[in-house]
Amino acid sequence: MENREDLNSIIGFLPVVLRSSSLFWPSQVVETLKALSKGPDHSKVDSGESLFLAISDIRQSLNLTGDVLAFSTGDGFSLFFDNLMSRAEANKWFGEVLPAMADMLLQLPSMLEAHYKNADSVTCVGARDGLQTGLRLLKSQEAGMVLLSQELIGCLLACSFFCLFPFSTRGANHLRMINFDRLFASLHENNNEKQENKIKCIIHYFERICSSMPIGNLSFERKVLAVDQTSNYIPYPKAESWSKSVVPLCPFEVYSSGLIEDQLKEALEVDFANKYLGGAALNKGCVQEEIRFMINPELIAGILFLPCMAENESIEVVGAERFSNYTGYASTFRFCGDFLDTKDSDITGRRKTRIIAMDALSRVGKRQYGHDLLLRPTDDSSFPRLYREINKAFCGFSDPCKSHRYEILLNGDHLSEAEHDQKLKSLESNSDNVSPASFENEVGIVTGNWGCGAFGGDPELKAMLQWLAASQALRPFVVYYTFGLDALQSLDQVTKWITSNGWSVGDLWNMIVDYSSQRSKKKTKVGFFTWLLPRCSSDNPMISDP
């Protein structure tokens with residue numbers, strides 16, 4: 001165990017101790033957890049106040065007193081369990097759920113050891129042989145995957161509830177905090193229903209898994225586009241890859257109502273993410289990403305080992321089970337009881353729920369209509385004026401199993417559409433190292449107003465950029481939920497017109513570039529759709545704006 005690179009990269013962020021090739025809890029921690037596992041009659045833990053005292057004792061035994069929890073954490077535990085939770089619910093929690101969680105934590109060392117033993121025997125995820133899957137720090141610019149059982153994730157999230165993860169070095173490694181102290185502290189500081197209902201989702205998750213532990217797996221994958229020729233990753237598309245692309249646009253369906261997480265198709269579901277996975281889910285946040293992390297709490301586990309995303313990265317999670325129903329959004333968010341997830345599982349035991357986290361540019365304002373919409377200079381010198389937004393979406397929508405096909409698309413700018421098709425067909429028929437199952441031809445994209453709202457992105461342009469990225473990534477369809485946004489009332493009309501005229505990726509991209517140029521030079525003030533439709537219906541390229 002001590003010689004494992006994967007374990008050594010993450011052990012400093014785990015609460016257990018590694019010594020003499022074994023993982024274990026300190027004896028004082030074992031004593032406290034055993035007492036908790038026997039119930040409140042033995043442990044005397046039957047309230048939020050006494051629970052937090054027990055948590056503090058465990059943290060002291062782990063020498064975590066230097067990692068100071070949020071100021072009002074204890075008050076938040078007391079408020080929720082002693083005031084907001086009914087007596088019947090509290091009796092069940094302290095009498096059944098908390099003891100089961102303590103018992104889970106006692107098994108964490110052996111569970112981790114079994115995880116690393118099994119990780120060595122995993123030779124196939126999907127159709128990619130030889131992929132490392134052990135729990136480790138998945139650093140930025142290092143594409144890779146971690147495969148975790150739902151049982152192990154339950155133990156890790158129990159650590160989060162008990163605030164047992166050390167965090168003194170997390171910031172230096174670009175990792176967000178994963179303990180639940182800020183979640184409870186914010187409840188006391190604000191005492192609003194939104195925060196209370198976020199915690200209710202988490203509590204319901206623990207009630208479910210302590211009653212019947214799920215037996216599936218989840219994978220967390222950092223996807224990286226190569227910005228140079230030294231790696232074997234999918235290349236970061238150049239300007240010409242978009243402007244000269246002859247790839248046809250994929251089918252595009254528009255719905256004015258509905259939710260991404262409720263769709264039933266085989267698809268990647270877009271998480272409108274913060275560059276730090278989960279955003280403010282464990283703090284005060286309660287918009288699209290944070291809500292998803294509350295109703296699918298297993299997503300929280302990725303915060304442990306996934307540092308923030310760079311400009312050329314995205315994070316894909318497959319297998320997260322949904323446990324809660326809800327209504328509302330932001331301040332109106334409410335937990336609405338149990339949700340039974342009936343999604344099928346794949347050959348690795350992962351539910352066929354695929355979530356792609358990708359962060360849009362924030363507070364772009366008028367810059368999005370200038371060169372900065374597509375060519376954004378960044379503080380990182382390895383990203384000089386790159387086509388950031390569309391390439392971020394392409395990174396998220398790409399399938400690593402199709403990397404050879406992308407090589408043709410992205411490096412074959414001189415080829416005609418017929419030549420592209422011939423090369424792709426030849427590659428598919430002669431590829432011996434990739435099984436047919438690896439080409440996820442039926443896995444489309446389900447998305448919505450990515451990077452809009454608080455991030456300030458233009459909904460019309462963001463919809464088009466996602467369509468382009470999905471098409472270039474060879475996805476079979478896009479399903480787009482507008483959430484009733486007025487700015488996208490004509491989205492269906494525009495996409496149907498474009499589709500009926502057989503536009504390619506390059507055709508639409510060049511239109512967007514032309515529009516952006518005019519908008520940045522103040523030659524037009526109208527939206528992209530208003531600007532586009534008169535030109536679509538006229539032979540006169542110089543037609544004036546309406």
Side-chain angles (χ1 to χ4, degrees), residues 14-17 23-65 67 69-70 73-114 150-167 178-181 183-185 187 199-214 282 297-298 300-301 304:
L14 296 174
V16 294
V17 179
L23 293 168
F24 61 92
W25 289 112
S27 58
Q28 303 96 315
V29 174
V30 173
E31 183 179 339
T32 304
L33 290 176
K34 283 185 175 179
L36 285 170
S37 70
K38 294 177 181 179
D41 291 341
H42 186 88
S43 67
K44 308 304 179 185
V45 175
D46 58 1
S47 68
E49 182 179 0
S50 57
L51 171 58
F52 186 68
L53 289 175
I55 289 172
S56 299
D57 288 343
I58 297 174
R59 286 175 49 79
Q60 186 171 4
S61 299
L62 291 170
N63 297 316
L64 294 176
T65 52
D67 291 350
L69 298 179
T73 303
D75 295 324
F77 273 89
S78 296
L79 175 59
F80 185 83
F81 290 105
D82 302 339
N83 297 94
L84 300 177
M85 182 178 271
S86 71
R87 180 41 48 192
E89 291 171 328
N91 288 339
K92 179 180 179 181
W93 173 262
F94 290 105
E96 300 176 20
V97 182
L98 190 65
M101 291 173 64
D103 192 55
M104 274 198 300
L105 286 175
L106 286 168
Q107 300 175 51
L108 178 60
S110 60
M111 204 173 296
L112 282 168
E113 290 180 358
Q150 289 184 274
E151 186 177 18
L152 178 54
I153 288 175
C155 282
L156 294 173
L157 295 191
C159 288
S160 292
F161 178 85
F162 280 84
C163 303
L164 302 185
F165 287 110
F167 54 80
I178 189 173
N179 291 326
F180 289 174
D181 55 318
L183 191 64
F184 283 93
L187 173 67
I199 295 175
K200 284 183 176 179
C201 289
I202 298 297
I203 296 303
H204 176 68
Y205 162 74
F206 285 122
E207 290 173 348
R208 276 275 306 271
I209 67 169
C210 288
S211 171
S212 178
M213 181 62 72
L282 301 184
E298 293 164 330
I300 296 170
L304 172 64

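Along the sequence shown, residues carry numbers from 1. Nothing here was measured: the structure is a model prediction, and the numbers come from that model.
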request  = Measure the CE-CG distance between Met101 and Leu36 for me, rounded to the nearest 0.5 Å.
outcome  = 10.0 Å

query = Can you find a heavy atom in the side chain of Ile153 that is under 4.5 Å from one in the side chain of Leu157?
reply = yes

inquiry  = Restricting to non-hydrogen atoms, name the atom on Met85 and the atom on Ile203 that form the minimum distance, rounded to 0.1 Å.
reply    = CE-CG2, 4.1 Å

inquiry  = For the CD atom of Gln107 and the CG atom of Leu33, what is their distance to the nearest 0.5 Å?
reply    = 11.0 Å

request  = Quick one: do Leu187 and Leu84 satisfy side chain to side chain contact (heavy atoms under 4.5 Å, CB included)? Show the steps, please.
outcome  = CA-CA 11 Å; Leu187 173 67; Leu84 300 177; 4.0 Å; yes

ask   = Testing Phe52, Tyr205, Phe77 for ring pair (Phe, Tyr, Trp, His ring centres under 6.0 Å) with Phe161, which one passes?
value = Phe77

query = Do other residues, nucleotides or ligands put more than 12 heavy atoms under 6.0 Å from Gln28 CD?
reply = yes

ask   = Any side-chain heavy-atom pair from Leu69 and Arg59 closer than 4.5 angstrom?
value = yes

task = Examine distances only and state if a side-chain atom of Ser37 and a backbone atom of Lys34 form a donor-acceptor pair shorter than 3.5 Å.
result = yes

ask   = Is any side-chain heavy atom of Leu112 less than 4.5 Å from a side-chain heavy atom of Leu14?
value = yes

CD1-CG distance between Ile178 and Leu304, expressed to the nearest 0.5 angstrom = 4.5 Å

note = Interatomic distance, CD1@Ile58 vs CG@Leu105, rounded to 0.5 Å, equals 7.5 Å

inquiry  = Do Phe184 and Ile202 make a side-chain contact, defined as non-hydrogen atoms from C-beta onward lying under 4.5 Å apart?
reply    = no

query = Nearest heavy-atom pair of Ala70 and Ala185: which atoms, and what distance?
reply = CB-CB, 3.7 Å

query = Out of curiosity, Leu108 CG to Leu156 CG, how far, rounded to the nearest 0.5 Å?
reply = 6.0 Å

Side-chain donor-acceptor contacts of residues 206-213 below 3.5 Å, not counting sequence neighbours, with atom names and distances?
residue, atom, partner, partner atom, Å
Arg208, NH1, Asp338, OD1, 2.6
Arg208, NH1, Phe339, O, 3.1
Arg208, NH2, Glu321, OE2, 3.1

Non-hydrogen side-chain atoms of Val17 and Trp25 separated by less than 4.5 Å = no

key: Value rounded to 0.5 Å, distance of CG in Leu62 from CG in Leu64   = 5.0 Å

request  = Please name the pair of heavy atoms, one in Ala35 and one in His42, separated by the smallest distance, quoted to 0.1 Å.
outcome  = CA-CD2, 3.7 Å

note = Taking every heavy atom of Cys159 against every heavy atom of Pro15, the minimum-distance pair comes out as SG-CG, 3.9 Å

query = Is a side-chain N or O of Glu298 found less than 3.5 angstrom from the main chain of Gln150, in a donor-acceptor match?
reply = no

ask   = Do Phe180 and Ile300 touch side chain to side chain, with heavy atoms closer than 4.5 Å?
value = yes

ask   = Checking Asp82 side chain against Gly48 main chain: does a donor-acceptor pair fall under 3.5 Å?
value = yes

